[in-house]
K.L.:
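Below is one structure. I have some questions about it.
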Amino acid sequence: IAEWLVIPPGLDRAVEAFLGERVHGWLVDEPAVAQRAIGFLQEKSLGRGTFIPERVRWESAGSEPLAWWEAIAALPGVLGRAVDLIQTDAERAAARDSLFDRVVFVESLGEAVQLWERNAWSGQQGPILVTRFGEIMDASGVISGGQSREGQGLLERRREVVELER
């Protein structure tokens, strides 16, 4: 996945925290291809893998304005919706949208908590707030955060390589 997403500077850690292990995933044509790949991994004892179908079965919010988005879009600390900020080619847009549907990047956890406290959205339909530092607050109020490992993540290292190659 890291190879086909164009992530705005400063959001690498946020995207990697949100995706978790999916950041190491592979894009496949369809779930049947993923099934064969998993069978191969199992047969060869090569560990686990994550496979994202290019043609996902997903009803994403996409470009439709959502009531919760309209309520928070212009508030301080709101950076934008992931589906608007993360770029990819047209063939992979549906996969990107399924991965990042309802994700909104915000500056800090404090601002995420303030947004959550000021708004009354449904846990199943509200936003998932992700900070620049990788804290995640889902619409129901569950928060994940802390430091999981030292150093840079995959996306930050990839950005450095791309910049060095220029």
Side-chain angles (χ1 to χ4, degrees), residues 1-27 49-54 56 58-119 121 123 125-166:
I1 292 175
E3 297 296 319
W4 54 268
L5 295 176
V6 180
I7 300 160
L11 293 177
D12 297 316
R13 186 177 292 181
V15 169
E16 191 159 347
F18 177 72
L19 287 176
E21 286 301 311
R22 292 176 293 178
V23 76
H24 299 286
W26 292 279
L27 193 67
T50 299
F51 303 90
I52 295 96
E54 217 170 277
V56 294
W58 185 263
E59 298 261 342
S60 94
S63 60
E64 296 175 21
L66 300 167
W68 57 260
W69 175 241
E70 292 172 354
I72 68 172
L75 294 177
V78 175
L79 303 174
R81 294 189 318 156
V83 295
D84 297 329
L85 297 173
I86 297 172
Q87 302 301 307
T88 192
D89 57 51
E91 294 172 355
R92 296 173 174 151
R96 183 237 10 235
D97 291 352
S98 74
L99 290 169
F100 294 100
D101 191 40
R102 298 179 25 237
V103 172
V104 174
F105 294 120
V106 297
E107 283 291 342
S108 70
L109 184 57
E111 287 163 323
V113 170
Q114 286 178 359
L115 288 169
W116 188 86
E117 288 173 345
R118 282 191 254 160
N119 293 278
W121 46 63
Q125 299 301 317
I128 301 165
L129 305 170
V130 181
T131 73
R132 285 186 182 273
F133 300 106
E135 294 106 354
I136 302 166
M137 182 175 198
D138 73 19
S140 66
V142 175
I143 299 175
S144 299
Q147 190 65 27
S148 60
R149 63 181 174 271
E150 294 294 322
Q152 296 176 318
L154 173 67
L155 296 174
E156 290 173 308
R157 290 191 307 269
R158 180 176 178 269
R159 179 177 303 284
E160 277 189 3
V161 169
V162 168
E163 289 174 1
L164 289 172
E165 289 177 344
R166 288 184 186 168

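Since this is a predicted model, take the numbers as computed values, not measurements.
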K.L.:
Just so I know, are the side chains of Phe100 and Leu19 near enough to count as touching, which here means a heavy-atom distance under 4.5 Å?
P.N.:
yes
K.L.:
Could you walk me through whether Val15 and Ile86 pass the side chain to side chain contact (heavy atoms under 4.5 Å, CB included) test, one step at a time?
P.N.:
CA-CA 9 Å; Val15 169; Ile86 297 172; 3.7 Å; yes
K.L.:
Can you tell me how far the CD1 atom of Ile7 sits from the CZ atom of Arg13, to the nearest 0.5 Å?
P.N.:
13.5 Å
K.L.:
If you measure from CG on Asp138 to CZ on Arg102, what distance do you get to the nearest 0.5 Å?
P.N.:
8.0 Å
K.L.:
For residues Gly80 and Trp69, report the shortest heavy-atom separation together with the two atoms involved.
P.N.:
CA-CH2, 3.7 Å
K.L.:
Give a yes or no answer on whether the side chain of Glu91 reaches the backbone of Thr88 with a donor-acceptor pair at less than 3.5 Å.
P.N.:
no
K.L.:
Taking all non-hydrogen atoms of both residues into account, name the closest pair between Gly141 and Trp116 and its distance.
P.N.:
N-NE1, 3.4 Å
K.L.:
Please report the C-alpha distance between Arg132 and Leu11 in whole Å, then the side-chain angles of each, then the deciding distance to 0.1 Å, and finally whether the side chain to side chain contact (heavy atoms under 4.5 Å, CB included) criterion is met.
P.N.:
CA-CA 6 Å; Arg132 285 186 182 273; Leu11 293 177; 4.2 Å; yes
K.L.:
I'd like to know if the side chain of Asp101 and the backbone of Asp97 have a donor-acceptor N/O pair within less than 3.5 Å.
P.N.:
no
K.L.:
Rounded to the nearest 0.5 Å, what separates atom CD in Glu21 from atom CD in Glu16?
P.N.:
9.0 Å
K.L.:
Could you tell me the separation between the CD1 atom of Ile52 and the CZ atom of Arg92, rounded to the nearest 0.5 Å?
P.N.:
11.0 Å
K.L.:
With a 4.5 Å heavy-atom cut-off, do Ile143 and Ile136 have their side chains touching?
P.N.:
no
K.L.:
Counting C-beta onward and ignoring hydrogens, is there a side-chain heavy-atom pair between Trp26 and Ile1 closer than 4.5 Å?
P.N.:
no
K.L.:
Which atom names give the shortest non-hydrogen contact between Pro53 and Phe51, and what distance separates them?
P.N.:
CD-O, 3.8 Å
K.L.:
In the structure I gave you, are the side-chain heavy atoms of Phe18 and Thr131 within less than 4.5 Å of one another anywhere?
P.N.:
no
K.L.:
With a 4.5 Å cut-off on side-chain heavy atoms, are Val78 and Glu111 touching?
P.N.:
no
K.L.:
Counting distance only, does the side-chain N/O of Trp68 pair as donor-acceptor with the main-chain N or O of Gln125 below 3.5 Å?
P.N.:
yes
K.L.:
State the CG-CG distance between Leu99 and Leu5, to the nearest 0.5 angstrom.
P.N.:
7.5 Å
K.L.:
Does some side-chain heavy atom of Val106 sit less than 4.5 Å from a side-chain heavy atom of Val130?
P.N.:
no
K.L.:
Out of curiosity, Ile72 CD1 to Arg81 CZ, how far, rounded to the nearest 0.5 Å?
P.N.:
10.0 Å
K.L.:
Would you name the heavy atoms of Asn119 and Ala71 that are closest together and state the gap between them?
P.N.:
OD1-CB, 3.9 Å
